[in-house]
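Everything below concerns the one structure shown next.
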Number of protein chains: 2
Amino acid sequence: MVLDMTESTECTADLLRERGFRATPQRLAICEALKKAGSHPTVAEIHEYVKKKDPTISLATVYNTLELFNQIGLAREICFRDQPTRYDPTVDSHINLLCLNCGAVEDISFDDFEQLIPDIENRSGFVVSSQRFDVYGYCPKCKAK
Amino acid sequence: MVLDMTESTECTADLLRERGFRATPQRLAICEALKKAGSHPTVAEIHEYVKKKDPTISLATVYNTLELFNQIGLAREICFRDQPTRYDPTVDSHINLLCLNCGAVEDISFDDFEQLIPDIENRSGFVVSSQRFDVYGYCPKCKAK
DNA sequence: TTATATGCAAATCTTTTGCAAGGAT
DNA sequence: ATCCTTGCAAAAGATTTGCATATAA
């Protein structure tokens with residue numbers, strides 16, 4: 001079967017099916033949009049992006065799908081009081097750097113997280129499964145002022 | 001002047017005035033409620049708590065005040081897609097542990113954060129000012145199941 | 001005194017839900 | 001042929017806003 005599917009799209013489809021979910025065209029399109037609709041896009045931004053390919057896709061489907069992606073580890077939600085929820089396609093351990101002035105969001109790796117887990121588990125009694133690390137500050141452009 | 005103010009309340013009042021804000025009874029009551037209305041209370045929970053002392057205090061004031069506290073470093077906001085914003089009176093470097101099963105939130109210290117700052121700043125070009133670290137997993141009660 | 005903060009109620013926005021129709025497996 | 005998903009539109013919530021009144025400094 002030769003379609004216009006990229007390797008990554010097939011991979012996403014397989015991952016969904018493995019977990020018992022259907023690989024619908026909407027879900028695959030949303031997955032692609034998540035990666036291409038800019039940095040840490042909002043639900044509305046992702047919706048706008050996928051509508052270019054599929055003008056009938058509903059906002060509710062985008063909401064539901066992103067929540068699903070968050071649960072099965074295909075995306076990570078980022079939520080602030082004063083803005084709509086954003087989603088991040090990067091799911092491995094990383095730091096979200098957030099500029100307090102211009103709102104820019106940047107990812108940097110955080111390989112040390114693995115090493116912290118045993119200590120966190122020992123001290124708290126929790127079993128650790130994932131993490132979100134936001135660091136607030138001023139980006140190179142804004143710190144100059 | 002002898003009132004029923006605790007040392008911490010006076011301290012909060014001074015901190016507000018230092019920053020050019022008024023130390024209103026509502027703000028002081030909200031500050032106290034933030035510490036006593038349970039672990040990581042929601043805005044509504046804080047509102048319920050302060051209403052015991054001041055039944056006329058408005059929800060909008062609680063919202064405004066908590067946002068102010070977040071800005072001046074008296075509290076830290078914690079926001080999830082599927083729940084109302086919570087506030088944490090602990091502002092020094094710590095980890096929020098979140099149980100994926102029962103929703104429990106617990107704090108543990110994270111003294112190592114200071115040591116990470118130079119590396120984060122070097123790699124990103126940002127100037128770091130604060131941080132939020134959420135770790136997801138299962139609490140002692142829930143992991144047993 | 002006077003600029004700031006409060007309370008109220010309405011408005012705004014985000015997110016969720018119920019249900020009939022559609023479609024992946 | 002099933003039963004999971006979708007789209008639509010309405011509902012539910014959370015949060016913000018405008019403005020007159022009150023009040024801390």
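Chain letters run A, B, ... following the sequence lines, proteins first and then strands; every chain starts at 1. Everything numeric here is computed off the predicted structure, so don't read it as measured data.
With rounding to whole Å, A/Leu66 atom CG is found 11 Å from C/dT16 atom P. Note: CG (A/Leu16) to P (C/dT25) measures 9 Å, nearest angstrom. Atom CD1 in A/Ile57 sits roughly 21 Å away from atom P in C/dA21 (whole-Å rounding). Taking atom NZ on A/Lys51 and atom C1' on D/dC8, their separation rounds to 13 Å, with Å as the unit. If you take CZ of A/Phe69 and P of D/dT5, they are 12 Å apart, rounded to a whole angstrom. A/Arg19 places its CZ atom 18 Å from the P atom of D/dC4, with the value rounded to the nearest Å. Distance, A/Tyr87 OH to C/dT14 C1': 12 Å, rounded to whole Å. Here the C1' atom of nucleotide D/dA14 and the CD atom of B/Glu67 are 14 Å apart, to the nearest Å.
When each of B/Arg17 and B/Tyr63 is assigned the nucleotide of DNA chain D bearing its nearest heavy atom, the one mapping closer to the 5' terminus is B/Tyr63. Each of B/Phe21 and A/Thr65 was matched to the nucleotide of DNA chain D holding its nearest heavy atom; the match closer to the 5' end belongs to A/Thr65. Two residues, B/Arg81 and B/Gly20, neighbour DNA chain C, and the one matched to the more 5' nucleotide by heavy-atom proximity is B/Gly20. When each of B/Asp82 and B/Arg27 is assigned the nucleotide of DNA chain C with its nearest heavy atom, B/Arg27 is the one assigned upstream, toward the 5' end.
A sub-4.0 Å separation between OP1 or OP2 of D/dT15 and a side-chain N or O of B/Thr85 is present. Taking side-chain N and O atoms only, B/Thr24 has no distance below 4.0 Å to OP1 or OP2 of D/dA24. B/Gln26 has a side-chain polar atom (N or O) that falls below the 4.0 Å cut-off from OP1 or OP2 of C/dG7. At D/dC8, none of the side-chain N or O atoms of A/Ser58 fall inside 4.0 Å of OP1 or OP2 (strictly under the cut-off).
Using a 4.0 Å cut-off between charged side-chain N and carboxylate O, B/Glu32 and B/Lys53 make a salt bridge. Using a cutoff of 4.0 Å between basic side-chain nitrogens and carboxylate oxygens, A/Glu67 and B/Arg81 are scored as salt-bridged.
Among A/Asp88, A/Ile95, A/Leu97, A/Asp92, the one residue that satisfies the side chain to side chain contact (heavy atoms under 4.5 Å, CB included) test with A/Asp107 is A/Asp88. With respect to A/Tyr87, the side chain to side chain contact (heavy atoms under 4.5 Å, CB included) criterion is satisfied by exactly one of A/Asn70, A/Ile78, A/Val62, A/Leu74: A/Asn70.
Across all strands shown, A/Pro25 has heavy atoms under 4.0 Å from sugar-phosphate atoms exclusively, and none from any base. Across all strands, A/Ala23 comes closer than 4.0 Å only to sugar-phosphate atoms, never to a base (heavy-atom distances).
In this structure, of D/dG7, D/dT17, C/dT17, it is C/dT17 that holds the atom nearest to the side chain of A/Asn64.
For B/Arg22 against D/dT23, a side-chain N or O and a base N or O form a donor-acceptor pair under 3.5 Å.
Across every non-hydrogen atom of A/Gln131 and B/Phe133, the tightest pair is CG-CE1, 3.3 Å.
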